[in-house]
Protein chains: 2
Amino acid sequence: MASIKDVAAAAGVSVATVSRVLNDHPSVSPDARTRVLAAVERLGYRPNAVARSLRTDQTRTLGLVISDVLNPYFTELARSVEEEARALGYSVIIGNADERPDLQDHHVRTLLDRRIDGLLVSPTDGGSPLMLDAARAGTPMVFVDRWIPGLDVPVVRADGRSAVRDLVAHLHGLGHRRLAIIAGPAATTTGSERVEAFREAMAEYGIPLPDAYIGQGDFQAESGRRVTEGFLGLDEPPEVVFAADNLMALGALDAVRARGLRVPHDIALAAFDDIPWFVHTDPPITAIAQPTGELGRAAVRALVDRIEGRPPRSVTLAARLVVRRSCGEDPNPPQSPSPVRRSTP
Amino acid sequence: MASIKDVAAAAGVSVATVSRVLNDHPSVSPDARTRVLAAVERLGYRPNAVARSLRTDQTRTLGLVISDVLNPYFTELARSVEEEARALGYSVIIGNADERPDLQDHHVRTLLDRRIDGLLVSPTDGGSPLMLDAARAGTPMVFVDRWIPGLDVPVVRADGRSAVRDLVAHLHGLGHRRLAIIAGPAATTTGSERVEAFREAMAEYGIPLPDAYIGQGDFQAESGRRVTEGFLGLDEPPEVVFAADNLMALGALDAVRARGLRVPHDIALAAFDDIPWFVHTDPPITAIAQPTGELGRAAVRALVDRIEGRPPRSVTLAARLVVRRSCGEDPNPPQSPSPVRRSTP
DNA sequence: CTGAAAGCGCTTACAG
DNA sequence: CTGAAAGCGCTTACAG
């Protein structure tokens, strides 16, 4: 590939002048500029970003380490992150941890080695020494969705507490009393917080959350399946299963179907995280929706603020309950009878 | 951050020696090695990949430009690509074109500027000058899923022809004669091929595919919605809509539901690309499944072969039809009555 | 086995 | 406005 030297030679100027033209430095004569631009065009020259990064000590790249790309929530998050980053002149490199701390570590290490300007992470666990060291060493970092307490790192996330309270009110109103949850890993904030929010909301109605109704999942479909099978095998199975993310809800659906049971007739189902498919599942699934796009954008802005020397802000946005039919009789029946609605028994 | 110089000073050796132990060069004394490793440990030294890349002229990075990250098919593809790349010692940077040629170009350019070792692309269109030039200039490149004819670039893809024939046989067997398709952009191979395969299979049954039954979509949900509305507004609407990808199927479902109609009672639906949610939609959707993971892995192997000087091979794998209930009466009823099955009218 | 030195492709004070 | 030169952090022939 043509290098800056080739361009300089072709334009009859020094490499310094070529560099100035390329970087829009003001002190370049119109004539020199024209010749350089012509040479660039003729040679099809493209600056080597690797060399530039080495010299300037900045890569204009953000690292994003997410827990699971296959989870539509994170895919959407990644998309909004890339979009906002691009608008601000940054690229993003995504590392998929697949809910595995070792993989997360691998990606953090690779990203750090590549000298990304800043790191956006949704931690899979409590944080490895590598990540903690990086944070303490001053690597610009922002947590999205999940975070690690005790670190001076801004957090951008959704607070689901009030939406969970709305969900429990909805379930209680439908007459459900035996409520179970498929939790995420206790090592993640979203893993423990969602259980706590659920327990607290239930307490307001005087309903306990027995251990047998807390299933330990890992945010992936297979665990939702396994936990749900366990629930269904109980002497007194729960009336409702609340999956702490959409993939575990998918697993739960698989398990219910495998047993030959129906939602919500035999067991009700609700999920944290809303996705477009929930409108079309059988039945449509009641879910707690996060403002995913806004979270991604806010996270990027916080990180770029930090990188560029401005004080970054933590952001907490509200999640909201979207009621559909997976927990029982539609509580908001349409005014006029619609042919879409199924005649429920 | 500590540099190789710091390590050299701390270990009392030259930077050359440090470099040698870091790269497992054989000629290093055990003593030197020990001291270097200790210094590395003590300083928390991590080699600067940017500097190494500049020097060695290789980044050990693959670029992957996909048409739409929000499409579960591509997400899964991206995941398998990253997995295989990691196994072979490469990282991957994903660029999401969002089905927009301008964005695709942006990512190709950025990736090239970063001097990735090779490029995996699923082109959104017929290819911009930039991409064509890069291919002709010898940038290691492999097409996945979609490709651009006339270029000496290996292609890794699935052949859906026989699965589409199976689908048409299935539809014909169900008594359907008015079959419509929501096509992808004609500029993409998968956009045009799927229509052709559909048309040819229909011809075998003496069924024509009129223009009115070919809707022009762009592989994204909104276009599926729009096209389906058009079909439903026809004097003689089709009995079946075949969406050329899963997102347009989602849009089609939205449109059908908005009209207060039901699948398959009022109109049948099938999709290219199978996803886990299709098992749980109302009704479960008949789809053509690609061996996505295998495609991603094969594409990476071909690209790495090319990069490392081995002859790369094009690969074509077969797709297969997965019959569910969205086209009408289940043609393979279970032997014993199952409580899962709905009593269809 | 080891080190001094060149060089990868840039950017940027410095001097003119 | 322009260029020569230093230097970013590495790797790797070359000489010893």
Side-chain angles (χ1 to χ4, degrees), chain A residues 1-37 39-40 43-61 89 91 109-117 139, chain B residues 1-40 43-61 89 91 109-117:
Chain A
M1 286 206 84
S3 83
I4 196 172
K5 274 189 199 164
D6 302 313
V7 176
V13 297
S14 72
V15 296
T17 297
V18 175
S19 176
R20 288 194 188 97
V21 171
L22 263 21
N23 292 292
D24 282 320
H25 188 98
S27 47
V28 179
S29 69
D31 176 54
R33 179 178 309 275
T34 311
R35 290 191 348 255
V36 167
L37 260 18
V40 164
L43 300 175
Y45 170 73
R46 291 258 78 215
N48 183 328
V50 175
R52 184 190 301 226
S53 291
L54 179 60
R55 180 53 231 244
T56 61
D57 201 32
Q58 55 170 10
T59 51
R60 303 279 319 170
T61 302
S91 294
R109 188 184 319 275
T110 306
L111 258 8
L112 257 19
D113 286 357
R114 286 167 180 277
R115 302 301 193 262
I116 42 116
D117 292 343
T139 305
Chain B
M1 284 206 85
S3 83
I4 196 173
K5 273 188 199 165
D6 302 313
V7 176
V13 297
S14 72
V15 295
T17 297
V18 175
S19 177
R20 288 195 190 96
V21 344
L22 260 23
N23 292 293
D24 282 323
H25 188 97
S27 48
V28 179
S29 68
D31 177 52
R33 179 178 309 276
T34 311
R35 288 189 354 252
V36 167
L37 260 17
V40 164
L43 299 174
Y45 171 74
R46 291 257 80 215
N48 183 329
V50 175
R52 182 191 304 224
S53 291
L54 178 60
R55 180 55 230 245
T56 60
D57 202 31
Q58 55 170 10
T59 51
R60 303 278 318 170
T61 302
S91 294
R109 188 184 319 274
T110 306
L111 258 8
L112 255 22
D113 286 358
R114 285 167 180 276
R115 301 300 193 263
I116 42 117
D117 292 342

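Keep in mind that this is a model prediction, so the values were computed, not measured. Order of the sequence lines sets the chain letters (A, B, ...), proteins ahead of strands, with each chain counted from 1.
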* Asked: Roughly how far, to the nearest 0.5 Å, is the CD1 atom of I116(A) from the OG1 atom of T139(A)?
  -> 7.0 Å
* **Any M1(A) side-chain heavy atom under 4.5 Å of L43(A) side chain** => no
* Quantified in whole Å, what is the C1' atom distance between nucleotide dG16(D) and nucleotide dT12(D)? -> 16 Å
* Does some side-chain heavy atom of S53(B) sit less than 4.5 Å from a side-chain heavy atom of R115(B)? -> no
* Asked: Ignoring hydrogens and geometry, is there a side-chain-to-backbone donor-acceptor pair from N48(B) to V50(B) under 3.5 Å?
  -> yes
* Asked: Hey, can you pull the residues of residues 49-60 of chain B with a non-hydrogen atom under 4.0 angstrom from DNA chain C?
  -> L54(B), R55(B)
* Which part of the nucleic acid does S29(A) contact within heavy-atom distance under 4.0 Å: base, sugar-phosphate only, or nothing? -> sugar-phosphate
* Structure fact -> Paired runs of 3 or more consecutive Watson-Crick or G-U pairs involving DNA chain C, with both pairing distances under 3.5 Å, are C:1-3 with D:14-16, C:5-12 with D:5-12, C:14-16 with D:1-3
Counting only pairs under 3.5 Å, give me each side-chain donor-acceptor contact of residues 2-12 of chain A, with atom names and distances, residues two or more places apart or in other chains.
residue	atom	partner	partner atom	Å
S3(A)	OG	K5(A)	N	3.1
D6(A)	OD2	S3(A)	N	2.6

* To do: Determine, step by step, whether D24(B) and R33(B) satisfy the side chain to side chain contact (heavy atoms under 4.5 Å, CB included) criterion, reporting the C-alpha distance in whole Å, the side-chain angles of both residues, the deciding distance to 0.1 Å, and the verdict.
  => CA-CA 10 Å; D24(B) 282 323; R33(B) 179 178 309 276; 4.2 Å; yes
* To do: Please list, chain by chain and in numerical order, all residues satisfying salt bridge (charged side-chain N to carboxylate O under 4.0 Å, His left out) with R20(A), sequence neighbours excluded.
  => none
* So, the side chain of S19(A) versus the backbone of V15(A): is there a donor-acceptor pair under 3.5 Å, distance only? -> no
* Asked: In terms of heavy-atom contacts, does CG of N23(A) have more than 12 from other residues, nucleotides or ligands at under 6.0 Å?
  -> yes
* How about V40(A) and L22(A): do any of their side-chain heavy atoms sit closer than 4.5 Å? -> yes
* Selection: residues 15-22 of chain A, any non-hydrogen atom under 4.0 Å of DNA chain D -> A16(A), T17(A), R20(A)
* Once you round to the nearest 0.5 Å, how far does CG of D113(B) lie from CZ of R46(A)? -> 4.0 Å
* Do R35(A) and D31(A) meet the salt-bridge criterion of a basic N to acidic O distance under 4.0 Å? -> yes
* Asked: Just the endpoints, please: which first and last nucleotides of DNA chain D, 5' to 3', lie under 4.0 Å from a heavy atom of chain A?
  -> dC1(D) to dG9(D)
